[in-house]
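First the structure, in the form of C-alpha coordinates, and then the observations on it.
When reading the values below, keep in mind they use all heavy atoms of this one structure, side chains included, and skip hydrogens, waters and symmetry mates.
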Amino acid sequence: MAFKPSQKHTREEEEADVNLMPMMNIVCSLIALLMGTAQMTEISMLEYLPPAEAAEVEDSGAPPSEAPKWNNDATIDALVNIAATGFQVSLFGKTEPGPYFFEVPILPGGEYDFQTLSNRLAQVKENEIGAALGIDSVLNENTKRMDVFEVFRYRDGREISITALGQTPFQTVVATMDACRNVKIDGVTKELFPVSMLKQFQ
Amino acid sequence: MAFAPSKGAKHRRKDKEGLILGSMLDMLTVVLLFLLKLSGATGGMMKPSPYVQLPSSTQIAKMDKSVSILVNPEGVYEDLEKSPKTLASKEDLFDPNTVILDGLEAYLSEKREFDKHLGKEFKGSITIQCDQSIPYDQLLKVVNTCGQAEYGTIDFVVKKKAA
(Lines give C-alpha, C1' and ligand atoms only; values in the text may rest on other atoms or scores of the structure.)
Protein backbone atom coordinates (compact mmCIF):
# COMPACT_ATOMS: atom_id res chain seq x y z
CA MET A 1 0.00 0.00 0.00
CA ALA A 2 1.32 3.36 -1.03
CA PHE A 3 1.49 6.23 1.45
CA LYS A 4 -0.64 9.23 0.88
CA PRO A 5 1.47 12.22 -0.35
CA SER A 6 2.59 14.48 2.49
CA GLN A 7 0.44 17.56 2.99
CA LYS A 8 3.58 19.67 3.51
CA HIS A 9 4.47 19.33 -0.15
CA THR A 10 1.10 20.28 -1.52
CA ARG A 11 0.34 23.20 0.87
CA GLU A 12 0.73 26.54 -0.83
CA GLU A 13 3.33 28.77 0.78
CA GLU A 14 1.76 31.93 2.05
CA GLU A 15 3.71 35.09 1.24
CA ALA A 16 4.36 37.20 4.33
CA ASP A 17 4.01 40.79 3.04
CA VAL A 18 4.59 43.81 5.24
CA ASN A 19 1.33 45.66 5.70
CA LEU A 20 2.15 49.10 4.36
CA MET A 21 -1.27 50.65 4.75
CA PRO A 22 -0.85 52.00 8.34
CA MET A 23 2.48 53.53 7.35
CA MET A 24 0.89 55.09 4.26
CA ASN A 25 -1.86 56.55 6.43
CA ILE A 26 0.65 58.13 8.80
CA VAL A 27 2.75 59.58 5.98
CA CYS A 28 -0.33 60.98 4.22
CA SER A 29 -1.53 62.59 7.47
CA LEU A 30 1.90 64.15 8.04
CA ILE A 31 1.97 65.55 4.51
CA ALA A 32 -1.46 67.10 4.95
CA LEU A 33 -0.40 68.60 8.29
CA LEU A 34 2.86 70.04 6.95
CA MET A 35 1.21 71.46 3.85
CA GLY A 36 -1.30 73.20 6.09
CA THR A 37 1.33 74.81 8.28
CA ALA A 38 3.93 75.51 5.59
CA GLN A 39 4.37 79.13 4.56
CA MET A 40 4.29 79.40 0.82
CA THR A 41 5.59 82.97 0.86
CA GLU A 42 9.22 83.16 1.79
CA ILE A 43 9.79 86.01 4.21
CA SER A 44 12.92 87.77 5.30
CA MET A 45 14.10 90.59 7.56
CA LEU A 46 15.08 94.10 6.57
CA GLU A 47 17.28 95.40 9.35
CA TYR A 48 17.08 99.06 10.16
CA LEU A 49 19.08 100.96 12.73
CA PRO A 50 17.67 104.28 13.91
CA PRO A 51 20.24 107.14 13.63
CA ALA A 52 21.24 107.13 17.30
CA GLU A 53 21.83 103.38 17.29
CA ALA A 54 23.87 103.54 14.06
CA ALA A 55 26.16 106.20 15.55
CA GLU A 56 26.62 104.06 18.67
CA VAL A 57 27.64 101.02 16.61
CA GLU A 58 30.05 103.14 14.64
CA ASP A 59 31.67 104.64 17.75
CA SER A 60 31.98 101.30 19.50
CA GLY A 61 34.69 100.32 17.02
CA ALA A 62 37.30 102.54 18.68
CA PRO A 63 37.41 102.74 22.48
CA PRO A 64 38.16 106.31 23.70
CA SER A 65 41.26 105.21 25.59
CA GLU A 66 42.90 104.01 22.40
CA ALA A 67 44.18 106.06 19.52
CA PRO A 68 41.75 106.02 16.59
CA LYS A 69 42.50 103.07 14.37
CA TRP A 70 41.34 104.77 11.19
CA ASN A 71 41.97 108.39 10.34
CA ASN A 72 38.53 108.93 8.83
CA ASP A 73 36.76 111.67 10.75
CA ALA A 74 35.28 113.25 7.63
CA THR A 75 31.69 112.42 6.68
CA ILE A 76 30.00 112.32 3.30
CA ASP A 77 26.43 112.73 4.65
CA ALA A 78 24.81 110.82 1.79
CA LEU A 79 21.06 111.40 1.62
CA VAL A 80 18.33 110.25 -0.74
CA ASN A 81 15.10 112.19 -0.73
CA ILE A 82 12.07 110.49 -2.30
CA ALA A 83 10.32 113.49 -3.86
CA ALA A 84 7.26 113.61 -6.10
CA THR A 85 9.42 114.25 -9.18
CA GLY A 86 11.99 111.53 -8.46
CA PHE A 87 14.97 110.91 -6.21
CA GLN A 88 17.13 113.77 -5.00
CA VAL A 89 20.60 112.70 -3.90
CA SER A 90 22.65 114.99 -1.71
CA LEU A 91 26.26 114.61 -0.59
CA PHE A 92 28.06 116.74 2.01
CA GLY A 93 24.74 118.43 2.83
CA LYS A 94 24.60 120.25 -0.52
CA THR A 95 21.23 121.34 -1.88
CA GLU A 96 22.24 123.26 -5.02
CA PRO A 97 22.49 121.33 -8.30
CA GLY A 98 26.03 120.23 -8.99
CA PRO A 99 28.28 117.23 -8.51
CA TYR A 100 27.11 116.81 -4.91
CA PHE A 101 23.40 117.25 -5.53
CA PHE A 102 21.63 115.55 -8.40
CA GLU A 103 18.23 114.21 -9.31
CA VAL A 104 17.05 110.91 -10.71
CA PRO A 105 13.72 111.78 -12.33
CA ILE A 106 10.76 109.43 -12.38
CA LEU A 107 10.23 107.28 -15.47
CA PRO A 108 7.71 108.32 -18.15
CA GLY A 109 5.24 105.81 -16.67
CA GLY A 110 5.36 107.67 -13.35
CA GLU A 111 7.45 105.01 -11.56
CA TYR A 112 10.61 105.65 -9.61
CA ASP A 113 13.83 104.74 -11.44
CA PHE A 114 15.51 102.47 -8.88
CA GLN A 115 18.06 101.06 -11.34
CA THR A 116 19.42 104.51 -12.28
CA LEU A 117 19.55 105.44 -8.58
CA SER A 118 21.68 102.34 -7.89
CA ASN A 119 23.96 103.13 -10.84
CA ARG A 120 24.44 106.76 -9.77
CA LEU A 121 25.16 105.70 -6.19
CA ALA A 122 27.69 103.19 -7.53
CA GLN A 123 29.46 106.12 -9.24
CA VAL A 124 29.39 108.07 -5.96
CA LYS A 125 30.83 105.11 -4.13
CA GLU A 126 33.60 104.69 -6.68
CA ASN A 127 34.49 108.34 -7.30
CA GLU A 128 33.86 110.01 -3.94
CA ILE A 129 34.32 107.27 -1.37
CA GLY A 130 36.83 105.10 -3.19
CA ALA A 131 38.24 101.76 -2.20
CA ALA A 132 38.08 100.49 1.36
CA LEU A 133 40.96 101.44 3.67
CA GLY A 134 40.68 98.15 5.44
CA ILE A 135 38.48 95.78 7.39
CA ASP A 136 37.20 96.36 10.91
CA SER A 137 34.92 94.39 13.18
CA VAL A 138 32.58 95.11 16.04
CA LEU A 139 30.75 92.82 18.45
CA ASN A 140 27.07 92.53 17.64
CA GLU A 141 25.28 92.47 21.00
CA ASN A 142 22.27 90.67 19.53
CA THR A 143 24.00 87.84 17.74
CA LYS A 144 27.10 87.79 19.99
CA ARG A 145 29.21 87.56 16.87
CA MET A 146 31.75 89.89 15.34
CA ASP A 147 30.29 91.92 12.49
CA VAL A 148 33.02 92.48 9.90
CA PHE A 149 32.75 95.55 7.68
CA GLU A 150 34.85 97.67 5.35
CA VAL A 151 36.23 101.03 6.49
CA PHE A 152 36.35 103.94 4.05
CA ARG A 153 37.95 107.36 4.08
CA TYR A 154 34.60 108.78 5.14
CA ARG A 155 33.44 107.53 8.53
CA ASP A 156 29.89 107.15 7.19
CA GLY A 157 30.96 105.54 3.92
CA ARG A 158 28.48 102.67 4.43
CA GLU A 159 25.52 104.77 5.54
CA ILE A 160 22.79 106.62 3.73
CA SER A 161 19.88 108.62 5.06
CA ILE A 162 16.49 108.31 3.43
CA THR A 163 13.76 110.92 3.65
CA ALA A 164 10.42 110.93 1.89
CA LEU A 165 7.21 112.84 1.54
CA GLY A 166 4.68 111.95 4.22
CA GLN A 167 2.42 110.03 1.84
CA THR A 168 5.17 107.87 0.29
CA PRO A 169 4.11 104.21 0.72
CA PHE A 170 6.32 101.85 2.70
CA GLN A 171 6.90 99.66 -0.39
CA THR A 172 8.63 102.58 -2.15
CA VAL A 173 10.79 103.20 0.93
CA VAL A 174 11.79 99.51 1.06
CA ALA A 175 12.60 99.47 -2.67
CA THR A 176 14.73 102.61 -2.20
CA MET A 177 16.59 100.95 0.69
CA ASP A 178 17.23 97.97 -1.60
CA ALA A 179 18.48 100.24 -4.39
CA CYS A 180 20.84 101.98 -1.96
CA ARG A 181 22.13 98.74 -0.47
CA ASN A 182 23.74 97.13 -3.50
CA VAL A 183 23.89 97.13 -7.27
CA LYS A 184 24.35 94.34 -9.79
CA ILE A 185 26.81 95.22 -12.54
CA ASP A 186 27.66 92.56 -15.15
CA GLY A 187 26.24 89.88 -12.91
CA VAL A 188 28.38 90.91 -9.94
CA THR A 189 26.66 92.33 -6.85
CA LYS A 190 28.51 95.29 -5.42
CA GLU A 191 27.82 96.72 -1.97
CA LEU A 192 26.85 100.40 -1.86
CA PHE A 193 25.34 101.75 1.36
CA PRO A 194 24.10 98.80 3.43
CA VAL A 195 23.11 100.89 6.48
CA SER A 196 20.07 103.05 5.79
CA MET A 197 18.49 105.49 8.20
CA LEU A 198 14.99 106.87 7.91
CA LYS A 199 14.81 110.59 8.61
CA GLN A 200 12.17 113.27 8.67
CA PHE A 201 11.58 115.07 5.36
CA GLN A 202 13.04 118.59 5.57
CA MET B 1 -27.24 16.30 -19.78
CA ALA B 2 -25.45 18.95 -17.84
CA PHE B 3 -21.67 18.98 -17.93
CA ALA B 4 -19.84 18.55 -14.67
CA PRO B 5 -18.10 21.74 -13.42
CA SER B 6 -14.52 22.02 -14.64
CA LYS B 7 -12.06 20.85 -12.02
CA GLY B 8 -9.36 23.01 -13.56
CA ALA B 9 -11.35 26.17 -13.04
CA LYS B 10 -12.11 25.17 -9.50
CA HIS B 11 -8.51 24.64 -8.55
CA ARG B 12 -6.95 27.41 -10.66
CA ARG B 13 -4.78 29.65 -8.52
CA LYS B 14 -6.03 33.19 -8.38
CA ASP B 15 -3.11 35.64 -8.52
CA LYS B 16 -3.57 38.78 -6.52
CA GLU B 17 -3.36 41.95 -8.66
CA GLY B 18 -2.88 44.50 -5.82
CA LEU B 19 -1.38 47.97 -5.87
CA ILE B 20 2.38 48.22 -5.57
CA LEU B 21 2.53 50.34 -2.45
CA GLY B 22 6.31 50.27 -2.05
CA SER B 23 7.06 52.81 -4.77
CA MET B 24 4.18 55.02 -3.70
CA LEU B 25 5.53 55.03 -0.15
CA ASP B 26 8.95 56.04 -1.46
CA MET B 27 7.42 58.97 -3.28
CA LEU B 28 5.45 60.07 -0.24
CA THR B 29 8.57 59.86 1.91
CA VAL B 30 10.38 62.21 -0.46
CA VAL B 31 7.47 64.68 -0.35
CA LEU B 32 7.45 64.42 3.43
CA LEU B 33 11.17 65.17 3.68
CA PHE B 34 10.78 68.15 1.35
CA LEU B 35 7.96 69.58 3.45
CA LEU B 36 9.90 69.02 6.66
CA LYS B 37 12.83 70.93 5.18
CA LEU B 38 10.51 73.73 4.09
CA SER B 39 8.89 74.19 7.47
CA GLY B 40 11.96 73.57 9.56
CA ALA B 41 15.06 75.65 10.29
CA THR B 42 14.58 79.40 10.46
CA GLY B 43 11.73 80.03 8.08
CA GLY B 44 9.08 78.41 10.18
CA MET B 45 9.65 80.64 13.17
CA MET B 46 7.46 83.40 11.89
CA LYS B 47 4.41 83.41 9.70
CA PRO B 48 3.31 86.49 7.80
CA SER B 49 0.29 88.00 9.47
CA PRO B 50 -2.98 87.81 7.55
CA TYR B 51 -3.72 91.41 8.62
CA VAL B 52 -0.90 93.01 6.60
CA GLN B 53 0.26 93.04 2.97
CA LEU B 54 4.03 92.83 3.30
CA PRO B 55 6.34 94.77 0.97
CA SER B 56 8.84 92.83 -1.14
CA SER B 57 12.59 93.21 -0.90
CA THR B 58 15.76 91.61 -2.21
CA GLN B 59 17.17 91.53 1.30
CA ILE B 60 18.20 88.09 2.56
CA ALA B 61 18.39 87.90 6.33
CA LYS B 62 17.56 85.22 8.83
CA MET B 63 14.39 85.46 10.86
CA ASP B 64 14.83 86.13 14.53
CA LYS B 65 11.87 86.00 16.85
CA SER B 66 11.64 88.98 19.16
CA VAL B 67 8.92 91.37 20.26
CA SER B 68 6.67 91.65 17.25
CA ILE B 69 4.03 94.18 16.23
CA LEU B 70 1.76 94.71 13.22
CA VAL B 71 1.21 98.03 11.49
CA ASN B 72 -1.65 98.30 9.05
CA PRO B 73 -3.89 101.17 7.89
CA GLU B 74 -6.25 100.49 10.80
CA GLY B 75 -3.63 100.97 13.52
CA VAL B 76 -0.80 99.27 15.40
CA TYR B 77 -1.45 95.85 16.91
CA GLU B 78 0.16 93.12 18.94
CA ASP B 79 1.32 90.30 16.64
CA LEU B 80 -1.31 87.73 17.58
CA GLU B 81 -3.46 85.75 15.18
CA LYS B 82 -6.56 85.92 17.34
CA SER B 83 -7.94 89.15 18.82
CA PRO B 84 -4.71 91.19 18.78
CA LYS B 85 -4.58 94.08 21.26
CA THR B 86 -4.72 97.55 19.69
CA LEU B 87 -1.58 99.50 20.61
CA ALA B 88 -2.33 102.63 18.58
CA SER B 89 -5.52 103.61 16.80
CA LYS B 90 -6.00 104.82 13.25
CA GLU B 91 -6.67 108.31 14.66
CA ASP B 92 -3.29 108.31 16.44
CA LEU B 93 -1.52 107.37 13.21
CA PHE B 94 -3.28 110.10 11.22
CA ASP B 95 -3.01 112.82 13.88
CA PRO B 96 -0.33 115.28 12.59
CA ASN B 97 0.39 116.44 16.16
CA THR B 98 1.24 112.95 17.43
CA VAL B 99 4.94 112.11 17.30
CA ILE B 100 5.08 109.30 19.87
CA LEU B 101 2.35 106.66 20.06
CA ASP B 102 1.60 106.39 23.79
CA GLY B 103 -0.15 103.01 23.67
CA LEU B 104 2.74 101.41 21.77
CA GLU B 105 5.33 102.97 24.07
CA ALA B 106 3.50 101.66 27.14
CA TYR B 107 3.28 98.16 25.63
CA LEU B 108 6.98 98.09 24.75
CA SER B 109 7.98 99.39 28.18
CA GLU B 110 5.81 96.70 29.77
CA LYS B 111 7.48 94.02 27.60
CA ARG B 112 10.92 95.30 28.54
CA GLU B 113 10.12 95.29 32.27
CA PHE B 114 8.59 91.83 31.98
CA ASP B 115 11.77 90.50 30.34
CA LYS B 116 13.87 92.08 33.08
CA HIS B 117 11.59 90.54 35.71
CA LEU B 118 12.14 87.12 34.14
CA GLY B 119 15.88 87.72 34.19
CA LYS B 120 16.14 87.76 30.41
CA GLU B 121 18.76 89.90 28.75
CA PHE B 122 17.16 92.90 27.09
CA LYS B 123 18.36 93.03 23.50
CA GLY B 124 16.29 96.01 22.38
CA SER B 125 15.27 94.41 19.11
CA ILE B 126 11.79 94.50 17.66
CA THR B 127 10.20 92.95 14.59
CA ILE B 128 7.64 94.99 12.67
CA GLN B 129 5.25 93.54 10.11
CA CYS B 130 4.29 96.72 8.32
CA ASP B 131 1.77 96.93 5.52
CA GLN B 132 3.26 98.02 2.21
CA SER B 133 0.73 100.85 1.87
CA ILE B 134 1.61 102.56 5.18
CA PRO B 135 2.62 106.19 4.50
CA TYR B 136 6.11 107.30 5.49
CA ASP B 137 4.98 109.77 8.17
CA GLN B 138 3.05 107.02 9.99
CA LEU B 139 6.02 104.68 9.71
CA LEU B 140 8.26 107.32 11.28
CA LYS B 141 5.88 107.62 14.24
CA VAL B 142 6.19 103.87 14.87
CA VAL B 143 9.98 103.91 14.45
CA ASN B 144 10.38 106.96 16.71
CA THR B 145 8.19 105.35 19.37
CA CYS B 146 10.29 102.16 19.27
CA GLY B 147 13.44 104.25 19.68
CA GLN B 148 11.85 106.14 22.58
CA ALA B 149 11.09 102.81 24.30
CA GLU B 150 14.76 101.76 23.92
CA TYR B 151 14.11 99.28 21.12
CA GLY B 152 17.04 100.30 18.95
CA THR B 153 17.25 97.43 16.47
CA ILE B 154 14.25 97.29 14.20
CA ASP B 155 13.65 94.45 11.74
CA PHE B 156 10.99 94.91 9.10
CA VAL B 157 9.45 91.70 7.80
CA VAL B 158 9.47 91.61 4.00
CA LYS B 159 8.58 89.13 1.28
CA LYS B 160 11.69 87.86 -0.38
CA LYS B 161 11.95 88.55 -4.10
CA ALA B 162 14.62 87.69 -6.62
CA ALA B 163 17.43 90.26 -6.88
Side-chain angles (χ1 to χ4, degrees), chain A residues 12 15 17-21 23-24 26-28 30-35 37-54 56-57 82 140-143 162-175 177-179 181-182 184 189 194 197-201, chain B residues 13 16 18 21-22 24-25 28-29 31-32 34-36 38-39 43-44 46-48 53-64 66 71 96 121 123-125 127-140 143-144 146-147 151-161 163:
Chain A
E12 283 183 14
E15 288 179 24
D17 280 340
V18 180
N19 188 6
L20 292 174
M21 287 310 285
M23 177 113 181
M24 288 273 291
I26 292 171
V27 171
C28 286
L30 278 173
I31 286 174
L33 178 81
L34 286 169
M35 284 188 85
T37 56
Q39 51 184 62
M40 293 307 166
T41 318
E42 205 170 356
I43 56 173
S44 178
M45 290 288 199
L46 180 66
E47 195 178 344
Y48 162 74
L49 292 178
E53 194 80 11
E56 204 174 283
V57 168
I82 309 169
N140 185 325
E141 288 294 332
N142 291 335
T143 60
I162 294 173
T163 64
L165 292 169
Q167 291 308 306
T168 308
F170 182 50
Q171 175 62 74
T172 308
V173 178
V174 170
M177 288 165 96
D178 280 346
R181 188 176 298 110
N182 46 43
K184 208 168 188 177
T189 305
M197 292 176 281
L198 302 181
K199 287 187 176 174
Q200 193 76 44
F201 180 72
Chain B
R13 189 179 162 185
K16 286 179 186 173
L21 291 177
M24 190 162 173
L25 192 64
L28 287 175
T29 309
V31 174
L32 185 66
F34 170 75
L35 286 170
L36 276 169
L38 198 74
S39 67
M46 181 176 276
K47 276 178 81 174
Q53 194 82 28
L54 293 174
S56 47
S57 168
T58 54
Q59 174 74 358
I60 302 164
K62 284 182 181 174
M63 305 295 294
D64 184 20
S66 54
V71 184
E121 186 191 1
K123 290 181 176 176
S125 60
T127 304
I128 301 177
Q129 292 199 49
C130 186
D131 194 280
Q132 60 180 356
S133 64
I134 289 293
Y136 186 69
D137 56 352
Q138 294 180 13
L139 175 72
L140 275 186
V143 168
N144 289 339
C146 292
Y151 282 81
T153 307
I154 298 170
D155 290 321
F156 291 110
V157 182
V158 288
K159 277 189 293 187
K160 218 186 279 183
K161 72 169 179 184

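Looking only at distances, no side-chain donor or acceptor of Q171(A) sits under 3.5 Å from a matching main-chain atom of S133(B).
Listed by chain and number, the residues in a side chain to side chain contact (heavy atoms under 4.5 Å, CB included) with T168(A) are I82(A), A164(A), L165(A), T172(A), V173(A), Y136(B) (sequence neighbours excluded). Residues meeting the side chain to side chain contact (heavy atoms under 4.5 Å, CB included) test with D137(B), sequence neighbours left out: Q167(A), P135(B).
Nearest approach of D178(A) to S56(B), heavy atoms of both residues: OD2-O, 4.2 Å. Nearest approach of C28(A) to L28(B), heavy atoms of both residues: SG-CD1, 3.8 Å.
The parts of L25(B) that come within reach of chain A are both its backbone and its side chain, each placing non-hydrogen atoms under 4.5 angstrom from that chain.
Within 6.0 Å of atom CE in M24(B), 12 or fewer heavy atoms from other residues, nucleotides or ligands are found, so the atom counts as exposed in its surroundings.
If you take CZ on F170(A) and CD1 on I128(B), they are separated by 8.0 Å, rounding to the nearest 0.5 Å.
In terms of heavy-atom pairs under 4.5 Å with chain B, the best-connected choice from I31(A), L30(A), L20(A) is I31(A).
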